Amino acid sequence: MAHTLKAYYFPASALTASAVTIDFLSALVPNTTGVALDGYGMGMPGVVAARSSSAAADNPRLTYSKHETVVETLTLQVQGTNYTQLFTQLHQLARLGEYARLAMENPYARSPAYLEFKTGNAGAGETLYAAIFDARLELPETWGKHVDATNTIQNVTLTIERELWRDTAPTLAQGAAYPAIGSTYVNGATGWANSAAIANIGGDTKALGYLKISAPLTTLQRAVFGYRSQALGGANYASLGKTEAESATLGTDTTAVADAAASGGNVARCTFATATLQKRLSGANVPHGTHRVFVRMKVDAGTTALVNVAYQDDPNAWTSGDYTSNPALTITNSAFLVYDLGLIRFGGGTGSLALKDGTTGGWSIFASRSAGAGNLNMDYVFIMPTEGCVQAAGLNLTFANGYAWSFDEIGFNGNAAWVYVSAAGTLMRVRNSSWSGALNLQPGNGRLYWLLGDEVSGYISPSISAIDPLVYLTAVSRFLAPVKL
């Protein structure tokens, strides 16, 4: 069975129907019009050291190697049944590079040029694709010697610079999500502060991702997503996320009491009988890595509390109270808000080259009262992984529309993202929102974590209404070798 190798570019619009197709195996018979592939020097991507896409990375040093683009060479025979057909084929090869560069310069406006490849013995669902960044045509020095008599040019060289292979075509779809197709790993999971399992992302390296939120009952302005892979998180990769405060270890002056506005119907209430800085709440079994700590809490009216998180990855020191402490936040709001208490790092200071897979650490919430006579009420603690971390603000998402991010490496900026709202079946770019970070979806198992809510005084205000937003995650697997397994 013959191989498949084609290239597509889009001279008229982003729509797939407008594509010009170059079939590199279309002229296997003499005296026909098309291109015959004589040789394919398929490249493999190199790597470059790259810093994490977020300041909240697992490590502040160079943390991963980013794959470069792939450069490869095709040796072709171009032929036509007549002079016009021959040079029509030649011009198409030349234009492939021009439209590839145009699309990369304008990644939101048009579909990229791309390659399609399938080995002869591969199944129908094993075709791979790769967006083209550039293509350069070169004719041999003897190209004109026999062209008039044979309408054929031999030893034509086409040098292509492309991305990694992916399992779906990188086309823009108008009226649908981008990437429009892929494998769904989280399908309508609910909750304002929750997580969901991701089972077995395919491919050889980091996948491309598409996140969507839809159908909240109330306005949603803020979103924080975190991702932890089993590859880096080990045995405890799925043990982060939300802990009801009343279920944690209660500290000085702290007891569990009922509160209908709390997510679990109860809070851990600190009365500040001792108003100085004390440990009020604590927990254990936090896996190694770097994580961000959020706490949903409030104080009674007229009360000011100073709250900070402290942590330790040495169990012996942890039990004796030897913590690394983050700066304190001032809490004055009498309504529940989610406060970001900063990063905690477990395993970053170890002197050994590798951590035990089950290494865990502990956290504590310290608080003091600086004004008033009221209580501090803690609803839940949410520990967000930062292996992949995305934060967004200004979403203005309501029940009637949806919000999405698509993370890709299309475009000369190296990490393009499509951010849009879907309303009444129409996609609209969001211009007033801001976001940072990337998902960094590794092959294999993982878990997606999220915090969603409105925004009050710069803080997240999650609802605990009965109707929750829905969260979706679609991923496009990528491959280093030209075969999908």
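All values derive from a computational prediction rather than experimental measurement. Computation of the quantities below employed the complete heavy-atom set of this structure, encompassing side-chain atoms and omitting hydrogens, waters and symmetry-equivalent molecules.
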Could you check if a side-chain atom of [X] sits within less than 4.5 angstrom of a side-chain atom of [Y], using non-hydrogen atoms only?
X: Leu164; Y: Arg166; result: no
X: Glu455; Y: Ser461; result: no
X: Asn308; Y: Leu277; result: yes
X: Ile160; Y: Val71; result: no
X: Tyr311; Y: Val293; result: no
X: Val476; Y: Asp167; result: yes
X: Thr360; Y: Asn236; result: yes
X: Ile213; Y: Leu220; result: yes

Set of residues satisfying salt bridge (charged side-chain N to carboxylate O under 4.0 Å, His left out) with respect to Asp454, sequence neighbours excluded: none

Return the [atom1] to [atom2] distance between [X] and [Y], rounded to the nearest 0.5 Å.
X: Met378; Y: Glu246; atom1: CE; atom2: CD; value: 10.5 Å
X: Ser195; Y: Leu448; atom1: OG; atom2: CG; value: 8.0 Å
X: Ile365; Y: Met297; atom1: CD1; atom2: CE; value: 7.0 Å
X: Leu451; Y: Phe294; atom1: CG; atom2: CZ; value: 6.0 Å
X: Asn200; Y: Tyr185; atom1: CG; atom2: OH; value: 7.0 Å
X: Trp165; Y: Leu128; atom1: CH2; atom2: CG; value: 7.0 Å

Geometric cation-pi criterion Lys242 and Phe382, 6.0 Å radius, 45° cone: no

If we ignore angles and hydrogens, is there a donor and acceptor under 3.5 Å between the side chains of [X] and [Y]?
X: Asn194; Y: Trp450; value: no
X: Glu387; Y: Ser229; value: yes
X: Thr386; Y: Arg292; value: no
X: Thr254; Y: Arg280; value: no
X: Asp300; Y: Asn375; value: yes
X: Glu244; Y: Ser263; value: yes

Test your reading of the model: is there a side-chain donor-acceptor pair from [X] to the backbone of [Y], 3.5 Å cut-off?
X: Arg369; Y: Ala373; result: yes
X: Asn326; Y: Leu343; result: yes
X: Asp259; Y: Val267; result: no
X: Asp253; Y: Ala273; result: yes
X: Thr303; Y: Gly374; result: yes
X: Arg228; Y: Gly388; result: no

side-chain contact (heavy atoms from CB on, under 4.5 Å) between Tyr129 and Leu115, intermediate numbers included: CA-CA 5 Å; Tyr129 307 85; Leu115 282 176; over 6 Å; no

Stepwise side-chain contact (heavy atoms from CB on, under 4.5 Å) check, Leu281 with Leu250: CA-CA 5 Å; Leu281 199 66; Leu250 305 179; 3.6 Å; yes

Salt bridge flag under 4.0 Å for residues Arg162 and Glu72: yes

Might you point out which heavy atoms bring [X] and [Y] nearest each other, and give the distance in Å?
X: Val309; Y: Trp363; result: CG2-CB, 4.5 Å
X: Ser364; Y: Lys279; result: OG-CD, 3.0 Å
X: Pro482; Y: Thr119; result: O-CG2, 4.3 Å
X: Ser477; Y: Ala207; result: CA-CB, 4.4 Å
X: Asp204; Y: Phe479; result: OD2-CA, 3.4 Å
X: Ile201; Y: Tyr227; result: CD1-OH, 4.3 Å

Qualifying residue, where the test is side-chain contact (heavy atoms from CB on, under 4.5 Å) with Ile331 and the options are Leu337, Val307, Leu306: Val307

Phe346 and His291 aromatic ring geometry - parallel, tilted or perpendicular at 30°/60° bounds: tilted

Side chain to side chain donor-acceptor pair (under 3.5 Å) assessment of Arg478 paired with Thr205: CA-CA 6 Å; Arg478 298 198 299 174; Thr205 186; 5.1 Å; no

Criterion side-chain contact (heavy atoms from CB on, under 4.5 Å) on Phe366 and Gln278, from CA distance to verdict: CA-CA 5 Å; Phe366 284 80; Gln278 302 289 328; 5.7 Å; no

